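For reference, the structure discussed in these notes is given below.
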Number of protein chains: 2
Amino acid sequence: MPTERPRRRIPEATVARLPVYLRILSEQAEEEVESISSDRLAELAGVNAAKVRKDLSYLGSYGTRGVGYEVAYLVYQIRRELGLTHDWPVVIVGAGNLGQALAGYGGFGERGFPVAGIVDVDPGKVGTVLGGVRVRHIDELSQIVQSKRVNIGVVATPTAAAQDAAERLVRAGVTSILNFAPVVLSVPRSIEVRKVDLAVELQILSYHEQRRATTSTLRSVAGGIGGGPGTNGQVGQVGQVGQGGQGGQGGQVGLGGTAATSRPASA
Amino acid sequence: MPTERPRRRIPEATVARLPVYLRILSEQAEEEVESISSDRLAELAGVNAAKVRKDLSYLGSYGTRGVGYEVAYLVYQIRRELGLTHDWPVVIVGAGNLGQALAGYGGFGERGFPVAGIVDVDPGKVGTVLGGVRVRHIDELSQIVQSKRVNIGVVATPTAAAQDAAERLVRAGVTSILNFAPVVLSVPRSIEVRKVDLAVELQILSYHEQRRATTSTLRSVAGGIGGGPGTNGQVGQVGQVGQGGQGGQGGQVGLGGTAATSRPASA
DNA sequence: CCAGCTTTGTGAACGTGTGCACGAGTGCCT
DNA sequence: AGGCACTCGTGCACACGTTCACAAAGCTGG
């Protein structure tokens with residue numbers, strides 16, 4: 001079992017699922033499970049088994065036909081592919097409500113993303129300690145990024161300050177940004193940006209709720225008793241959702257978060 | 001301009017972008033902009049103009065050729081389509097670090113998702129007030145959901161408690177869930193689930209950082225001076241990323257968040 | 001060593017999403 | 001009134017992602 005070089009260029013959709021597999025596999029490893037089939041992994045991840053196999057095939061052929069995948073080895077391979085063989089220190093811009101919560105959330109460091117620093121424009125916040133890290137002034141950003149070799153920045157500022165925060169991060173040398181502010185950041189193409197937007201997520205749910213209401217009304221008018229057992233036993237069946245999109249010349253509007261609707265383990 | 005019934009069944013990818021357009025359009029409306037072209041909107045949203053037009057066409061043909069779209073009317077239509085014509089009260093399960101931040105974040109209510117209640121299992125937390133809402137015991141969940149007509153639940157518990165929280169929400173009558181815990185929730189197919197997972201987002205960024213490091217190393221070996229102006233002036237060009245995925249029989253592993261890389265307004 | 005069972009790896013079909021290119025309206029200016 | 005510049009709406013081709021279905025491969029028992 002040489003560290004055979006995996007076929008490169010993993011599809012984005014797969015990259016987005018690898019972390020999920022990784023978490024599940026790590027849990028399995030802790031429970032002393034040594035081998036796992038694509039079927040079982042798919043069940044736990046709430047996806048199709050073929051998808052699991054195809055996803056894993058991008059890492060190389062590390063399964064054993066008739067048996068399954070060796071959990072420990074798969075964990076190693078995924079970690080390697082995701083670049084999790086070493087820590088990625090992050091710097092948080094904005095020590096407000098969200099910044100505090102992020103810093104306080106220990107899961108950051110545990111998962112390989114130690115908080116190298118938190119900065120804020122407000123001198124009043126500088127010096128306070130959040131999650132074991134002292135808040136520093138934003139002017140020290142470059143110094144922190146450089147001395148701690150930070151590649152990933154987190155924008156946790158109010159909306160109005162987000163663009164400025166992003167620009168400062170880029171100037172400081174950060175090459176990836178996780179943006180919590182509800183704005184489309186304007187940064188050089190070479191910078192990787194991911195957005196987490198609560199409002200967007202809720203609005204997507206709202207759309208489905210609204211849709212559910214509309215269609216059920218229509219059905220009760222057109223069909224029989226509104227709300228009774230439907231054709232397939234499932235009433236509000238909005239069913240699958242997933243996501244879509246791919247290449248395209250950039251654009252932070254790509255997609256929302258992860259949609260779902262399924263029942264992995266416990267059927 | 002009758003309230004012409006829009007063609008139904010809007011693609012998920014479009015649904016995920018509508019909230020972004022909505023925010024931008026609302027901003028434009030505040031700046032007294034009355035009309036906007038697909039080109040301008042695309043620029044602000046960081047997407048392709050054709051995509052904007054196609055997305056908006058799903059709402060019906062509300063543009064005027066040669067002119068553009070009437071901002072106010074578009075705002076109205078998108079809000080209508082997303083079901084934002086009325087509030088959607090949400091209930092938060094888990095008054096820990098995250099639950100507190102969510103409750104404290106005013107943007108919730110402002111954007112049409114007032115916090116109808118926060119519950120926690122810990123009796124010690126019951127009674128404390130977060131963001132103007134008193135924390136109540138989780139046993140009161142059903143009562144809250146029913147009396148306040150809550151359709152959307154937010155899981156902000158520790159990982160271990162998430163599945164139980166989800167089940168309680170479902171039993172209480174909630175039909176959509178926004179999950180912040182890093183687990184794949186097991187719920188009936190009829191329940192719409194969206195996941196927001198920090199670790200996943202960071203790991204995706206990590207993947208790209210790692211990739212960037214690897215490829216640039218390769219390039220510096222194969223090509224010229226490592227890091228000098230590349231073929232196209234852009235060095236670490238990871239370029240577009242976007243997302244992918246769509247139908248599929250459920251599966252919360254669909255995708256991560258919104259990826260990006262672009263520069264909307266300020267070119 | 002062979003038969004039979006299991007599970008991987010993947011070719012191919014299908015569905016979805018994106019972006020170009022252009023026809024079709026609309027408003028403005030002369 | 002006519003021409004021109006502009007912008008929408010959309011057909012089409014292409015790219016990407018998902019799923020099926022099956023051959024290949026490995027294990028087990030006799």
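Owing to the predicted nature of the structure, the values given are computational and were not obtained by experimental measurement. What's counted below: heavy atoms across the whole structure, side chains too, no hydrogens, waters or symmetry copies. Labels below follow one simple rule: chain letters A, B, ... track the order of the sequence lines, proteins then strands, and each chain is numbered from 1.
Between Ser176(B) and Asn151(B), the side chains place no donor N or O within less than 3.5 Å of an acceptor N or O (distance only, hydrogens not considered). A donor-acceptor contact closer than 3.5 angstrom is absent between the side chains of Gln203(A) and Tyr207(A). A donor-acceptor pair shorter than 3.5 Å can be found between the side chains of Glu12(B) and His208(A).
Per the geometry, NZ belonging to Lys51(A) stands 17 Å off P belonging to dC16(D), to the nearest Å. The CG-P distance, from Leu56(A) to dT7(C), rounds to 15 Å in whole Å. In this entry the distance linking CG of Leu59(A) with P of dT8(C) reads 14 Å, nearest Å. Note: CG (Asp39(A)) to P (dC5(C)) measures 18 Å, nearest angstrom. Rounded to an integer number of Å, the gap from Glu12(B) CD to dG17(C) P is 8 Å. Atoms CG (Asn48(A)) and C1' (dC14(C)) sit 14 Å apart, rounded to a whole Å. Atom OH of Tyr58(B) is separated from atom C1' of dC8(D) by 15 Å (rounded to the nearest Å). Rounded to an integer number of Å, the gap from Glu70(B) CD to dC8(D) P is 14 Å.
Comparing the start and finish of the helix from dC1(C)-dG30(D) to dT30(C)-dA1(D), five pairs each, the helix axis swings through 10°, to the nearest 10 degrees.
Within the 4.5 Å cutoff, no side-chain heavy atoms of Leu74(B) are placed close to those of Gln28(B). Counting heavy atoms from C-beta outward, Leu56(B) and Tyr62(B) have side chains that stay 4.5 Å or more apart.
Thr64(A) meets the side chain to side chain contact (heavy atoms under 4.5 Å, CB included) test with Val67(A); sequence neighbours excluded.
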Could you walk me through whether Glu81(B) and Gln77(B) satisfy the side-chain hydrogen bond (donor to acceptor under 3.5 Å, both in side chains) test, starting with their C-alpha distance in whole Å, then the side-chain angles of each, then the deciding distance to 0.1 Å, before giving a yes or no? CA-CA 6 Å; Glu81(B) 197 61 36; Gln77(B) 286 301 339; over 6 Å; no
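Taking only side-chain atoms of Ser37(B), from C-beta outward, the nucleotide of dG19(C), dC8(D), dT8(C) with the closest atom is dC8(D). Residue Ser57(A) has its side chain nearest to dT10(C) when only dT10(C), dT18(C), dT18(D) are considered. Closest contact between the side chain of Tyr69(B) and the listed nucleotides dG9(C), dG9(D), dG17(D) involves dG9(D). Distance from the side chain of Pro11(B) is smallest for dG17(C) among the nucleotides dT10(C), dG17(C), dT18(D).
Atom CD of Glu27(A) is surrounded by more than 12 heavy atoms from other residues, nucleotides or ligands within 6.0 Å.
The two residues Val154(A) and Leu169(A) have their closest heavy-atom pair at N-CD1, 4.4 Å.
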Between the protein and nucleotides 21-28 of chain D, which nitrogen or oxygen pairs are less than 3.5 angstrom apart?
residue : atom : partner  : partner atom : Å
dA21(D) : N6   : Arg53(A) : NH2          : 3.3
dA24(D) : N3   : Arg65(A) : NH1          : 2.8
dG26(D) : O4'  : Arg65(A) : O            : 3.3

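With hydrogens and angles ignored, no donor-acceptor pair under 3.5 angstrom links the side chain of Lys54(B) to the base of dG9(D).
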